[in-house]
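The structure under discussion appears below in the form of structure tokens.
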Protein chains: 2
Amino acid sequence: MRLERVDGDVPDTQLSVMFGIVNNEGLTIGALSDLERVTPPSMNRTVNALVERGLATRSGSPDDGRKVIVTATDSGMQLVEETRRKRVAWFSKQLSTVSADERAALDAASPILRRLADS
Amino acid sequence: MRLERVDGDVPDTQLSVMFGIVNNEGLTIGALSDLERVTPPSMNRTVNALVERGLATRSGSPDDGRKVIVTATDSGMQLVEETRRKRVAWFSKQLSTVSADERAALDAASPILRRLADS
DNA sequence: TATTGTTATACTCTATAACTATA
DNA sequence: TATAGTTATAGAGTATAACAATA
């Protein structure tokens, strides 16, 4: 599903961070590096790339001068929405090849797989 | 599971190629790039890294002078076997947290997921 | 002429260590 | 002193384009 994207070759990692800042308000560099499970320097670099592409902006936190809040630009929000639309469409198409019984089997396995993935 | 590895920090990609050459005889650079779904130059680079680490060797094909066959060294085979052992142990441990009913649900979902992944 | 591999080049992601600025 | 972010540096993976060697 991650391969479903909008033309314009924004890499996967950068796209994932875009989804993060669109879906959550006021994320800092540190919060983003926790979310994506990378180190702060790595996230810093990725955010730089997003800002250079005009997809995100940095702004200082009002309450803590050390923190930096990353926000999506209009262009960034548009990219996320288009990508989401494409992914939902792809997923729906995949799901249409699954019978009701198969769907039930997947539903049954889903929470077990999630538990194993989180452990 | 892929995170389960032997100490010595051989990266994931390189380890995956090692499993490829241990599990299949006489693989060429081209065959390996197909197997790992990367371009030949990329695979060439990875094989170079393996040779530098002493895990694999290159040798010319007897029947086609253009082809290069990649083979695991003793050290390479040892690394693969130890890694496999660790991964099997990890997997068994995970499986031990799954009840018989849950196991049945996973077994039912498995072929469906495989079909979707291949499509 | 087509195929196989290689080299050159460039971009992305990742990490650790060391540094700056703020709390 | 501790925390948030940044810069410096280095290793790894990926791709495309251009090239050499062989079929």
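Note on naming: letters A, B, ... go to the chains in the order of the sequence lines (proteins, then strands), and numbering restarts at 1 for each one. The structure presented is a predicted model; accordingly, all values stated were derived computationally and were not measured.
- A 6.0 Å sphere centred on CZ of A:R103 holds no more than 12 heavy atoms belonging to other residues, nucleotides or ligands.
- With rounding to whole Å, B:D63 atom CG is found 11 Å from C:dG5 atom P.
- For A:R53 and C:dC11, the shortest distance from a side-chain N or O to OP1 or OP2 is not below 4.0 Å.
- In this structure, the CG atom of B:D12 is 15 Å from the C1' atom of D:dT14, given to the nearest Å.
- Where A:T46 and B:R45 meet DNA chain C, the nucleotide closest to each residue was compared, and B:R45 sits on the side nearer the 5' end.
- Counting non-hydrogen atoms of neighbouring residues, nucleotides and ligands closer than 6.0 angstrom, the CG atom of A:D9 reaches no more than 12 such neighbours.
- Residue A:D74 places its CG atom among 12 or fewer non-hydrogen atoms of other residues, nucleotides or ligands, all under 6.0 Å distant.
- Between the CZ atom of B:R66 and the C1' atom of D:dA20 there is a distance of 12 Å, given to the nearest Å.
- Taking the side chain as every heavy atom from C-beta outward, A:R115 and B:V98 approach each other to under 4.5 Å.
- The shortest side-chain heavy-atom distance between B:V51 and B:R58 falls under the 4.5 Å cut-off.
- Two residues are said to be in side-chain contact when any heavy atoms from C-beta on lie closer than 4.5 Å; B:T28 and B:V68 fail this criterion.
- Neither OP1 nor OP2 of C:dG5 sits under 4.0 Å from any side-chain N or O of B:N44.
- Place B:I69 and A:P11 on DNA chain C by their nearest nucleotides, and B:I69 ends up nearer the 5' end.
- Between A:M43 atom CE and C:dT16 atom P there is a gap of 15 Å when expressed in whole angstrom units.
- At whole-Å resolution of the value, CG in A:D9 and C1' in C:dC11 are 10 Å apart.
- Here the P atom of nucleotide D:dG5 and the NZ atom of A:K67 are 7 Å apart, to the nearest Å.
- In this structure, A:E52 places its CD atom 12 Å from C1' of C:dT12, rounding to the nearest Å.
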Could you summarise the pairing of DNA chain D as dot-bracket text, marking Watson-Crick and G-U pairs under 3.5 Å with ( ) or [ ] inside the strand and | across strands?
|||||||||||||||||||||||

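- Candidate nucleotides C:dC13, D:dT6, C:dT6 were compared by shortest atom distance to the side chain of A:R58, and D:dT6 ranks first.
- Residue B:S42 places none of its side-chain N or O atoms closer than 4.0 Å to OP1 or OP2 of D:dG13.
- Using a 4.5 Å heavy-atom threshold, the side chains of A:T97 and B:L116 count as touching.
- Ionic pairing of B:R84 and B:E81 is present here: one or more N-O contacts between side-chain nitrogen and carboxylate oxygen are shorter than 4.0 angstrom.
- Here D:dA20 presents its P atom at 19 Å from CG of B:D64, a figure rounded to the nearest Å.
- Side-chain atoms of B:R45 and B:T13, non-hydrogen and from C-beta on, never get closer than 4.5 Å to each other.
- Interface residues of residues 18-41 of chain A facing DNA chain C, ordered by number: A:V38, A:T39, A:P41; criterion, heavy-atom separation under 4.0 Å.
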